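Computed from a prediction, not measured in an experiment: that's the story for all the values here.
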Amino acid sequence: MRQVAAIAGVSTATVSRVLNNPHSVSEGLRTRVMMVIDQLGWVPNAAARALSSNRTGAVGAIFPTLGVGDFARAIDAMQDALSARNYLLLLARSRYDADLELVQARKLVERGVDGLILVGRTRSAEYEQFLDRLSIPYLNAFVYDEATPAPCVGPDNARAMAEMVDYLVSLGHRRFGMIAQTTRNNDRAAARRDGVRDALARYGLAIQPQAMAEGEWSIAEGRKLLRLTLEATPRPTAIICGNALLAIGAVLEAAAIGVAVPEDLSIVGYDDTEMMSELPTPVTTVRVASEQVGQCAADLIIDMLEGKSPVTGARIPSEIVVRQTTGPVPHK
């Protein structure tokens with residue numbers, strides 16, 4: 001750093017600002033310093049910086065999956081927001097395995113992350129004790145619950161599904177089925193399932209046991225579970241799916257077995273992937289502002305790291321996107 005400062009004709013403090021807070025210096029000065037850094041081939045030693053500042057400038061995030069849908073869009077927005085404030089995002093995947101998530105959390109902490117962004121709020125006692133002993137901040141994403149000790153940033157999953165029930169009831173539906181994502185280690189899936197049940201109860205309705213199916217997150221699972229729900233007597237006129245892939249699978253299977261959507265059966269989902277709008281019969285779904293979840297989670301964790309208070313959670317809005325898989329209850 002002293003060599004860079006000497007050649008560029010600036011102070012070491014200026015070099016530090018260029019690296020750590022580039023927007024605090026003029027563009028011309030920033031360009032001059034970066035040219036010298038490039039010429040010397042200098043890469044700042046993050047470990048040494050961490051020793052002197054007690055901060056690594058890294059934030060860890062653990063997601064159940066890093067593939068498609070809300071999580072992928074949130075990760076993109078999260079990385080953009082953290083990078084804009086000169087933080088590095090380190091990602092890990094838990095596969096909805098609580099034990100694996102705890103292992104990943106330990107590894108991220110061992111590598112010196114300054115804060116953690118976690119998905120959901122339900123954890124084992126051992127995991128909770130581990131988080132309680134940490135001296136670093138953390139928050140819960142994709143869930144909203146004011147009662148939790150850590151801030152939550154996400155949609156109200158139960159409320160979002162309750163609004164979908166209201167919409168379907170307004171179309172005249174009274175016989176419902178549900179294809180739910182497994183609730184094991186997944187409080188978001190449990191909240192969606194309970195939101196559907198509670199909303200139906202307000203109308204004096206309930207899902208028959210035969211019309212309730214739970215499975216993993218895949219299109220193939222959605223196809224299989226649709227067949228199971230349609231075995232219920234009387235057959236449901238509306239099927240609510242707990243995520244995008246299950247809904248896509250249900251729509252594809254309905255077409256394969258000759259069930260007309262929405263003339264014979266309405267199908268809805270949760271989350272909004274590109275495929276849902278590009279199917280021959282585009283899918284009605286709950287859309288969550290997932291980019292806003294990622295942006296807000298990044299901003300909040302940085303506020304926590306920088307000692308800003310009070311830091312509270314945020315309920316991120318959701319909306320019903322009406323497409324062609326829903327219609328009035330069939331009169332036959």
If only atom types and distance count, is the side chain of Thr284 paired as donor or acceptor with the main-chain N or O of Val268 below 3.5 Å? no
Is a donor on one side and an acceptor on the other found under 3.5 Å between the side chain of Asn157 and the backbone of Ala191? no
Pair Tyr203, Asp166: side-chain N/O donor-acceptor within cut-off below 3.5 Å: yes
Using every non-hydrogen atom in the two residues, find where Ile301 and Leu139 come nearest and quote the distance to one decimal. N-CD2, 3.8 Å
Do you reckon Leu171 sits in the same ILVMFWY cluster as Val261, going by side-chain contacts under 4.5 Å, direct or chained? yes
No-hydrogen, no-angle side-chain donor-acceptor test under 3.5 Å, Thr326 and Ser266: no
Can any side-chain N or O of Arg17 pair as donor or acceptor with the backbone N or O of Val25 at less than 3.5 Å? no
Is Asp303 paired with Arg85 through a side-chain N to carboxylate O contact shorter than 4.0 Å? yes
Restricting to non-hydrogen atoms, name the atom on Arg32 and the atom on Ala8 that form the minimum distance, rounded to 0.1 Å. NE-O, 2.9 Å
Could you tell me if Tyr96 and Thr65 have a donor-acceptor pair between their side chains, going purely by distance under 3.5 Å? no
Could you go step by step and tell me if Arg106 and Glu126 meet the salt bridge (Lys or Arg N to Asp or Glu O under 4.0 Å) rule? CA-CA 12 Å; Arg106 291 185 187 278; Glu126 182 184 4; 3.5 Å; yes
Would you check if there is a donor-acceptor pair between the side chains of Asp99 and Tyr127 at a distance under 3.5 Å? no
For residues Asn140 and Arg123, is any side-chain donor paired with an opposing acceptor at under 3.5 Å? yes
Residues Asp76 and Arg73 bridged, charged N to O under 4.0 Å: no
Judged by atom type as modelled, is there a donor-acceptor pair below 3.5 Å linking the side chain of Glu101 to the main-chain atoms of Val119? no
Would you find more than 12 non-hydrogen atoms of other residues, nucleotides or ligands less than 6.0 Å from Gln3 atom CD? no
One thing to verify: whether Asp156 and Arg315 come together as a salt bridge, which I'm taking to mean a side-chain N less than 4.0 angstrom from a carboxylate O. no
When you measure from the side chain of Thr14 to the backbone N and O of Val10, does any donor-acceptor pair fall under 3.5 Å? no
Do Arg192 and Glu214 sit within salt-bridge range, that is, some charged N less than 4.0 Å from a carboxylate O? no
Correct closest heavy-atom pair for Arg188 and Pro64 would be NH2-CG, 3.7 Å
Sidechain-backbone polar pair: His173 side chain, Ile239 backbone, donor-acceptor under 3.5 Å: no
Quick check: does any side chain N or O of Thr183 sit under 3.5 Å from a backbone N or O of Asn186, one acting as donor and the other as acceptor? no
Is there a donor-acceptor pair closer than 3.5 Å between any side-chain N or O of Ser83 and the backbone N or O of Asp80? no
Salt-bridge test for Glu163 and Arg159: reply yes if a basic N is under 4.0 Å from a carboxylate O, no otherwise. yes
Are Glu110 and Lys107 within salt-bridge range, i.e. N to O under 4.0 Å? no
Just by modelled atom types, is the Glu221 backbone N or O under 3.5 Å from a matching donor or acceptor in the Ser218 side chain? yes
